[in-house]
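Quick notes on the structure that follows.
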Amino acid sequence: MKKYRLFQNSLISGTLLLTGTGVASRFIGFYYKIFLSRTIGAEGLGIYQLVFPVFALFLSVSAAGIQTSISRFTAGCARDRQAKGYLTAGLSLSVTLALMGMFIIRANADWFCHVMMEDVNGAGLLHIMSLAIPLSAVHSCINGYYYGLKKAGIPAFSQLFEQFVRVSGVWLMMQVAAKQGQTPTPAHAVWGLVIGEVGATLFCLTAMLTSQPARQTAKRHAVTRYLPALRHLAGYYKNLLSLAIPLTANRLLGSIFTSLESLLIPLSLRAFGYTASDALSVYGILTGMVFSTIMFPAVLSNSLSVMLLPAISNACARGRVDLVRHAVRRTAEGCLLLGLICTLGFLLCGNWIGVHLFHNTLAGFYLETLAWICPFIFLGSTLGSILHGLGKATTTLLINLCASSVRILFIYLGIPLAGLRAYLWGMVISQIFAACAAWLCIRQNVRKCIRISE
């Protein structure tokens with residue numbers, strides 16, 4: 001019973017901290033999207049959103065899998081020097097890949113603009129956005145290190161600080177532009193992304209350096225202290241890559257499918273009868289207004305997912321199948337309850353949110369349609385994290401690819417016939433499939449663990 005309590009306390013304390021700062025960050029981001037929709041317009045917001053698939057694609061390659069790998073191996077380290085060795089190895093890998101990605105984007109901005117941004121004149125936006133990738137890689141690795149140590153404070157507050165710096169920077173730039181008689185553009189919002197990453201990186205580095213214990217002989221024996229870590233660096237690289245490669249493949253293929261969805265939606269809307277400008281406006285409403293609102297309550301399930309991965313990994317390593325089953329059951333119950341509450345809230349208030357917050361009736365209609373997706377989004381994200389903790393990254397990849405294929409099928413075949421409503425229902429069906437498939441796979445793997453332990 002005591003071990004259950006310790007297991008729950010570590011999950012609950014970290015989840016609550018991440019949730020608290022996440023809610024504050026989402027509030028800032030929520031009103032930030034409203035602010036952007038009123039300053040650069042729905043079309044400008046759509047152009048701004050088209051930058052993110054490229055950003056997500058290169059960040060997936062350079063940081064996403066490495067961050068999770070650092071978290072898992074750090075959680076199993078008995079000594080602080082080993083944990084720092086994994087962080088050092090992960091940082092060097094991630095920053096190298098991020099710098100390569102930055103130069104690739106800057107050298108091929110026109111190609112990315114043509115292929116992934118639907119001929120929008122956004123090469124300049126990609127040049128600006130590329131500066132954020134190395135910065136994001138640095139603070140992602142540091143966050144993974146602290147997640148592995150079960151110290152969620154620095155990652156939580158860095159997220160909040162990043163949002164605050166981003167929004168403040170964009171607001172200030174737009175105020176200066178207005179005084180100079182210039183019209184706000186999506187470029188201001190993309191510069192905000194870079195400024196926010198600068199703030200988050202400086203926050204993480206400062207917090208990490210100031211949290212190190214003071215040592216009188218630090219300067220005198222700096223080289224001697226780090227020689228053992230350098231000797232074991234090859235082992236750290238080997239362990240990190242053994243997990244980071246499949247995880248990165250997972251994220252990379254997921255980003256490719258997401259980018260494909262982002263490319264096909266405006267094209268399919270034009271096939272339905274929209275002009276290019278109207279298609280971008282509808283895309284901006286969907287991604288910049290509706291998805292940000294639907295995903296707002298997911299801060300709790302996302303926080304729980306982050307804390308579940310190292311906890312499940314540790315429980316499996318110790319053969320504590322009872323803790324895994326307990327976590328799965330409580331997670332499913334909590335996510336379903338939260339999701340049903342959110343569904344009811346969006347069904348009752350979706351139209352009001354669209355009209356009064358976004359000044360857009362179409363946003364309200366989309367919110368009411370997507371309300372049914374909430375329980376399955378929350379459940380799918382946490383169950384996916386549990387599968388990663390069980391070492392089933394390939395299973396998660398296959399589930400996500402199948403779900404993405406369902407959405408792409410609805411985009412390609414459904415939107416030209418029924419408009420964006422077909423994509424909305426494709427989203428609902430794909431999320432139901434992903435949640436149910438993950439649940440069945442977890443049950444099967446837990447049963448295998450029980451038979452092995454017996």
*asked:* Please evaluate residues Met208 and Ile154 with respect to the criterion side chain to side chain contact (heavy atoms under 4.5 Å, CB included), reporting the C-alpha separation (whole Å), side-chain torsions for both, the decisive distance (0.1 Å), and the verdict.
replied: CA-CA 8 Å; Met208 188 172 181; Ile154 290 176; 5.7 Å; no

_Residue pair Ala435 / Leu383: nearest heavy atoms and the distance that separates them_ = O-CD1, 3.7 Å

*Are Val170 and Tyr32 side-chain neighbours, meaning at least one heavy-atom pair lies under 4.5 Å?*
yes

*asked:* Taking Asn400's backbone N and O only, do any of them form a donor-acceptor pair with Ser404's side chain (distance below 3.5 Å, no angle check)?
replied: yes

*So which heavy atom on His188 is nearest to which on Thr183, and how close?*
CE1-O, 4.1 Å

*Shortest non-hydrogen contact from Ile66 toward Cys141*: CG2-SG, 4.2 Å

*What distance do Thr185 atom OG1 and Met174 atom CE have between them, rounded to the nearest 0.5 Å?*
7.0 Å

*Going by the angle between their ring planes, with limits at 30° and 60°, are Phe272 and Tyr274 parallel, tilted or perpendicular?*
tilted

*asked:* Run Ile265 and Val282 through side chain to side chain contact (heavy atoms under 4.5 Å, CB included) and show every step you take.
replied: CA-CA 10 Å; Ile265 288 174; Val282 171; over 6 Å; no

_Check whether Ser268 reaches the backbone of Ile411 with its side chain - one donor and one acceptor, N or O, closer than 3.5 Å._
yes

*Taking the side chain from Thr201 and the backbone from Leu135, do they hold a donor-acceptor pair closer than 3.5 Å?*
yes

_Step-by-step side chain to side chain contact (heavy atoms under 4.5 Å, CB included) determination, Cys204 to Tyr146_ = CA-CA 10 Å; Cys204 288; Tyr146 280 104; over 6 Å; no

*Val198 versus Val165: any side-chain heavy-atom pair under 4.5 Å?*
no

*Rounded to the nearest 0.5 Å, what separation is found between the OG1 atom of Thr248 and the CD atom of Gln67?*
11.0 Å

*Take atom CE in Met173; do more than 12 heavy atoms of anything else shown fall under 6.0 Å from it?*
yes

*asked:* What's the separation between atom CD1 in Ile105 and atom CG in Leu57, rounded to the nearest 0.5 Å?
replied: 8.0 Å

*Quick one: pull up CD1 in Ile377 and CG in Leu370 and give me the separation to the nearest 0.5 Å.*
7.5 Å

*Check: Ala132 main-chain N/O paired with Ser136 side-chain donor or acceptor under 3.5 Å*: no

*Tell me whether the centres of the aromatic rings in Phe112 and Phe58 are closer together than 6.0 Å.*
yes

*Sub-3.5 Å donor-acceptor pair from the side chain of Arg407 to the main-chain atoms of Gly426, do we have one?*
no

*Taking all non-hydrogen atoms of both residues into account, name the closest pair between Thr382 and Cys335 and its distance.*
OG1-SG, 3.3 Å

*Please check if the side chain of Ser69 supplies one atom and the backbone of Leu240 the other of a donor-acceptor pair under 3.5 Å.*
yes

*Does some side-chain heavy atom of Leu286 sit less than 4.5 Å from a side-chain heavy atom of Leu362?*
no

*How many angstroms lie between CD1 in Ile373 and OG in Ser430, if you round to the nearest 0.5 Å?*
6.0 Å

*asked:* Rounded at 0.5 Å granularity, tell me how far CZ in Phe410 sits from CH2 in Trp425.
replied: 10.5 Å

*Is Tyr412 atom OH crowded by more than 12 heavy atoms from other residues, nucleotides or ligands, each under 6.0 Å away?*
no

*For the pair Ser130 (side chain) and His127 (backbone), establish whether a donor and an acceptor sit closer than 3.5 Å, ignoring hydrogens and angles.*
yes

*What do the steps show when you test Cys342 against Phe378 for side chain to side chain contact (heavy atoms under 4.5 Å, CB included), and what is the final call?*
CA-CA 10 Å; Cys342 293; Phe378 304 157; 3.8 Å; yes

*With a 4.5 Å heavy-atom cut-off, do Leu126 and Met129 have their side chains touching?*
yes

*Within a strict 4.5 Å, meaning less than it, do heavy atoms of the Val290 and Leu424 side chains meet?*
no

*Nearest heavy-atom pair of Ala137 and Leu59: which atoms, and what distance?*
N-CD1, 4.3 Å

*Answer yes or no: is there a donor N or O on one side and an acceptor on the other, between the side chain of Asn108 and the main chain of Trp111, under 3.5 Å?*
no

*Would you say Phe52 has more than 12 foreign heavy atoms packed within less than 6.0 Å of its CZ?*
yes

_Taking the side chain as everything from C-beta on, heavy atoms only, tell me whether Ile128 gets closer than 4.5 Å to Val51._
no

*Any side-chain heavy-atom pair from Glu261 and Ile408 closer than 4.5 angstrom?*
yes

*Quick one: does Ser94's side chain have a donor or acceptor within less than 3.5 Å of a partner on Ser62's backbone?*
yes

*So, for Tyr236 and Gly85, which heavy atoms are closest and what is the spacing to 0.1 Å?*
CE1-CA, 3.4 Å

*Parallel, tilted or perpendicular: rings of Phe73 and Tyr86 (30°, 60°)*: parallel

